[in-house]
Amino acid sequence: MVAVLLDRIHPPVSVRRAPGALAAFARKLFGQSPAPTGDPVFDSFFRIDSADPDHARSLVGPQLMHAHVTGGPPPWQIVGSELLTCTPTSGRIHDPNLVFAYAGPTVRVAELLGR
């Protein structure tokens with residue numbers, strides 16, 4: 001897991017690949033509503049879930065949507081002031097030179113929030 005500390009606290013937001021029907025039902029049951037962006041390509045492949053869809057849409061702007069559509073960032077979520085991603089590894093990272101390879105995509109999402 002990679003965490004980037006943001007400059008302020010946000011309502012919970014997550015961006016993931018479009019879920020199946022059962023996952024969508026579970027999210028709705030627990031109070032998370034999808035926040036469609038109006039971009040048909042992005043909305044067909046990804047879902048933004050948030051208790052505050054307007055705030056979520058303000059964070060996921062055209063540049064960040066484009067990055068997702070072109071295969072850039074991994075799925076992510078904001079919890080409080082932390083931006084979180086999970087990147088599978090084959091174990092512990094022993095080479096410090098590899099840290100940026102794992103952290104870089106999360107840092108890129110942080111840079112693109114609101115753009």
Which heavy atom in [X] sits nearest to a heavy atom in [Y], and how many Å separate them?
{"X": "Ile78", "Y": "Gly80", "value": "CG2-O, 3.5 Å"}
{"X": "Asp39", "Y": "Thr37", "value": "N-OG1, 3.0 Å"}
{"X": "Arg47", "Y": "Ala18", "value": "CG-CA, 3.8 Å"}
{"X": "Asp43", "Y": "Gly38", "value": "OD2-N, 2.9 Å"}
{"X": "Pro74", "Y": "Pro105", "value": "CD-CB, 3.6 Å"}
{"X": "Pro12", "Y": "Ser50", "value": "O-OG, 2.9 Å"}

Distance from [X] atom [atom1] to [Y] atom [atom2], nearest 0.5 Å?
{"X": "Leu84", "Y": "Met1", "atom1": "CG", "atom2": "CE", "value": "5.5 Å"}
{"X": "Arg108", "Y": "Thr85", "atom1": "CZ", "atom2": "OG1", "value": "14.5 Å"}
{"X": "Glu111", "Y": "Leu83", "atom1": "CD", "atom2": "CG", "value": "11.0 Å"}
{"X": "His68", "Y": "Ile48", "atom1": "NE2", "atom2": "CD1", "value": "8.0 Å"}
{"X": "Leu113", "Y": "Leu59", "atom1": "CG", "atom2": "CG", "value": "5.5 Å"}
{"X": "Ile9", "Y": "Glu82", "atom1": "CD1", "atom2": "CD", "value": "10.0 Å"}

Going through the checks in order, is the side chain to side chain contact (heavy atoms under 4.5 Å, CB included) test met by Arg16 and Phe46?
CA-CA 6 Å; Arg16 307 217 180 278; Phe46 297 94; over 6 Å; no
Trp76: which of Val2, Val15, Val4, Thr106 passes side chain to side chain contact (heavy atoms under 4.5 Å, CB included)
Val15
Report whether Val13 and Val79 are members of the same hydrophobic cluster (ILVMFWY, side-chain heavy atoms less than 4.5 Å apart, transitive linking).
no
With clusters defined by side-chain heavy atoms of hydrophobic residues (ILVMFWY) lying less than 4.5 Å apart, directly or transitively, does Val107 cluster with Leu98?
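No; Val107 is not reachable from Leu98 via cluster members.
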Considering only heavy atoms from C-beta outward, does the side chain of Pro62 approach that of His66 to under 4.5 Å?
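Heavy-atom side-chain distance check fails, nothing below 4.5 Å.
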